[in-house]
Amino acid sequence: MTPPTPPRLPPFNAEQQALLALMNFDESLTPPLHLPPVLVCEDGTRIENVEQWRTRRRPELLELFARYIYGRPLPPLPVEARVVEEAAGALGGRATRRQVELSFPGHPGRVLHLALYLPEGVESPVPCFLGLNFFGNHAAFADPAIRLSTAWIRPDGEGVVENRATKASRGAEVGRWPVERIIERGYGLATLYYGDLEPDHPDAFAESVRALFYDPAAPRQPQDPGAICAWAWGLSRAMDYLETEPRVDSRRVALTGHSRLGKAALWAAAGDERFALTISNNSGCGGASLNRRGFGETLHILSNVRPHWFSEACRHGAEPPERLPVDQHHLLALLAPRPVLVSSAEADPGADPRGEQLGAHHAGAAYRLFGLEGVPAEMPPLDEPVLNPLGYFIRPGEHAITSHDWEAHLAFADCHLREGPACSDAGIA
């Protein structure tokens, strides 16, 4: 039976609008930045080597983020993959297209739809980008063979009528997924719709994968997971499948995400070390941007206007941010020593590009433990990516992921996932 269609998303209520009006966009009003250190445990123990980081501080930080911000990670479930379509010669003969249903034995009706493109004519397993999309696989590609999603979809999507996709929705997100360019560079691309994991509205708990583990009718407890945990969980289940695909080099899977899905990508990679490289694009508050900056969106504001994203503990305990024992530089540090690129847009004050850059800079303490370079304290020039293992990129323009971003992201991946030019020789077109 098809579940009833939830109502279209309501506008923000008066309380939420009042919170949004509190956002600060004046750099002179940001408070002095005093961050809790990366390499000092809660009991005051100083971390001096990689072993201490792995056995003491890293587990402690994961626990703190679960307790205060995102909620408890969802446990894994066995994944059953069914290939529903495979076609050689896609994209004008340059790729193989595969559509896969991922299901969970014992939980009928819970299906994730994954679209995978792999370059043809390449014998060895290839590195692969993986990310969630906002409006369905059919919107990510201008490929009429991609199945039209039947799930709930946000009403702001092109061609969406009563929260459902129509044929006019096809290809609406192609600018965010330049599959031809990715294939040309020798990478695979896998994506799945984030609404298959949890529809992005506050009343979606019963349709969320969270309902596999929690009773939707029960009152939420402070550390119960939010939607970011559900979306992150789905990325790990997609990784479970990619590990079984012989044409994908599962040791070289690059996780990518834009905006709220950049937050989910960082949280997924923090807990799942199988992801070899991570790129957060305009992830902002709850992603790469420092909460203590007090600029643009803040964790208190965002967790109250989007209450389903975060834990209840976050919604009630993130103001002032100094109350929290962690900040987002700790989240980035959790990815060490794996490469991570924080990608920003100059005209995106809500996400606070300076806060994202400072988050990356202050995460560098963990990377230096491994003898790796990070991000300088000063903001780099536009369009000049820092391609160190802990990297940063900022471009002109607004909150979006564009083909221009992808050129920097591909350069970063070339630098760290492939044998080829040194990082100093990599660039963007």
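Bear in mind that the values here come from a model prediction, so they are computed numbers and not experimental data.
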I'd like to check [X] versus [Y] (side-chain heavy atoms, cut-off strictly below 4.5 Å). Are they in contact?
{"X": "Lys263", "Y": "Leu302", "result": "yes"}
{"X": "Ser149", "Y": "Asn137", "result": "no"}
{"X": "Ile183", "Y": "Leu189", "result": "no"}
{"X": "Phe213", "Y": "Arg72", "result": "no"}

[X] versus [Y], closest heavy-atom pair with distance:
{"X": "Asn388", "Y": "Gly374", "value": "ND2-O, 2.7 Å"}
{"X": "Asp200", "Y": "Trp152", "value": "N-CZ3, 3.6 Å"}
{"X": "Val111", "Y": "Glu101", "value": "CG1-CB, 3.8 Å"}
{"X": "Leu266", "Y": "Gly287", "value": "CD1-C, 3.7 Å"}
{"X": "Ala363", "Y": "Ala333", "value": "CB-N, 3.7 Å"}

Report yes or no: do [X] and [Y] form a side-chain donor-acceptor pair below 3.5 Å?
{"X": "His300", "Y": "Asn291", "result": "no"}
{"X": "Ser343", "Y": "His409", "result": "yes"}
{"X": "Ser259", "Y": "His399", "result": "yes"}
{"X": "Ser311", "Y": "Gln223", "result": "no"}

Examine distances only and state if a side-chain atom of [X] and a backbone atom of [Y] form a donor-acceptor pair shorter than 3.5 Å.
{"X": "Glu86", "Y": "Arg98", "answer": "no"}
{"X": "Arg94", "Y": "Leu91", "answer": "yes"}
{"X": "Glu63", "Y": "Glu60", "answer": "no"}
{"X": "Ser344", "Y": "Ile394", "answer": "no"}
{"X": "Arg252", "Y": "Val126", "answer": "no"}
{"X": "Arg315", "Y": "Pro307", "answer": "no"}
{"X": "Trp231", "Y": "Glu198", "answer": "yes"}
{"X": "Glu207", "Y": "Pro199", "answer": "no"}
{"X": "Asp215", "Y": "Ala217", "answer": "yes"}
{"X": "Gln52", "Y": "Arg57", "answer": "no"}

Problem set entry | Arg210 to Phe205, cation-pi by 6.0 Å centre distance and 45° axis angle | yes
Problem set entry | Tyr187 six-ring centre to Arg418 NZ/CZ under 6.0 Å and within 45° of normal | yes
Drop me the distance from [X]'s [atom1] to [Y]'s [atom2], to the nearest 0.5 angstrom.
{"X": "His308", "Y": "His201", "atom1": "NE2", "atom2": "NE2", "value": "8.0 Å"}
{"X": "Asn24", "Y": "Thr298", "atom1": "CG", "atom2": "OG1", "value": "10.0 Å"}
{"X": "Glu245", "Y": "Leu118", "atom1": "CD", "atom2": "CG", "value": "6.0 Å"}
{"X": "Thr166", "Y": "Ile153", "atom1": "OG1", "atom2": "CD1", "value": "9.0 Å"}
{"X": "Trp267", "Y": "Ile69", "atom1": "CH2", "atom2": "CD1", "value": "8.5 Å"}
{"X": "Thr402", "Y": "Glu407", "atom1": "OG1", "atom2": "CD", "value": "9.5 Å"}

Problem set entry | salt bridge (Lys or Arg N to Asp or Glu O under 4.0 Å) evaluation trace for Arg54 with Glu51 | CA-CA 5 Å; Arg54 290 195 182 279; Glu51 182 180 3; over 6 Å; no
Problem set entry | Parallel, tilted or perpendicular: rings of Phe65 and His330 (30°, 60°) |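 Plane angle over 60°, so perpendicular.
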Problem set entry | Over 12 foreign heavy atoms within 6.0 Å of CD, Glu398 | no
For this session: Please step through salt bridge (Lys or Arg N to Asp or Glu O under 4.0 Å) for the pair Asp327 and Arg293, ending with a clear verdict.
Result: CA-CA 10 Å; Asp327 211 317; Arg293 279 261 300 160; over 6 Å; no
Mind checking whether [X] and [Y] have ring centres under 6.0 Å apart?
{"X": "His361", "Y": "His329", "answer": "no"}
{"X": "Tyr117", "Y": "Phe141", "answer": "yes"}
{"X": "Trp406", "Y": "Phe129", "answer": "yes"}

Exercise. With the threshold set at 4.0 Å, does a side-chain nitrogen-carboxylate oxygen contact exist between Asp240 and Arg274?
Worked result: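 So Asp240 pairs with Arg274 through a salt bridge.
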Problem set entry | Test: Glu322 and Arg292 ion pair at under 4.0 Å | no
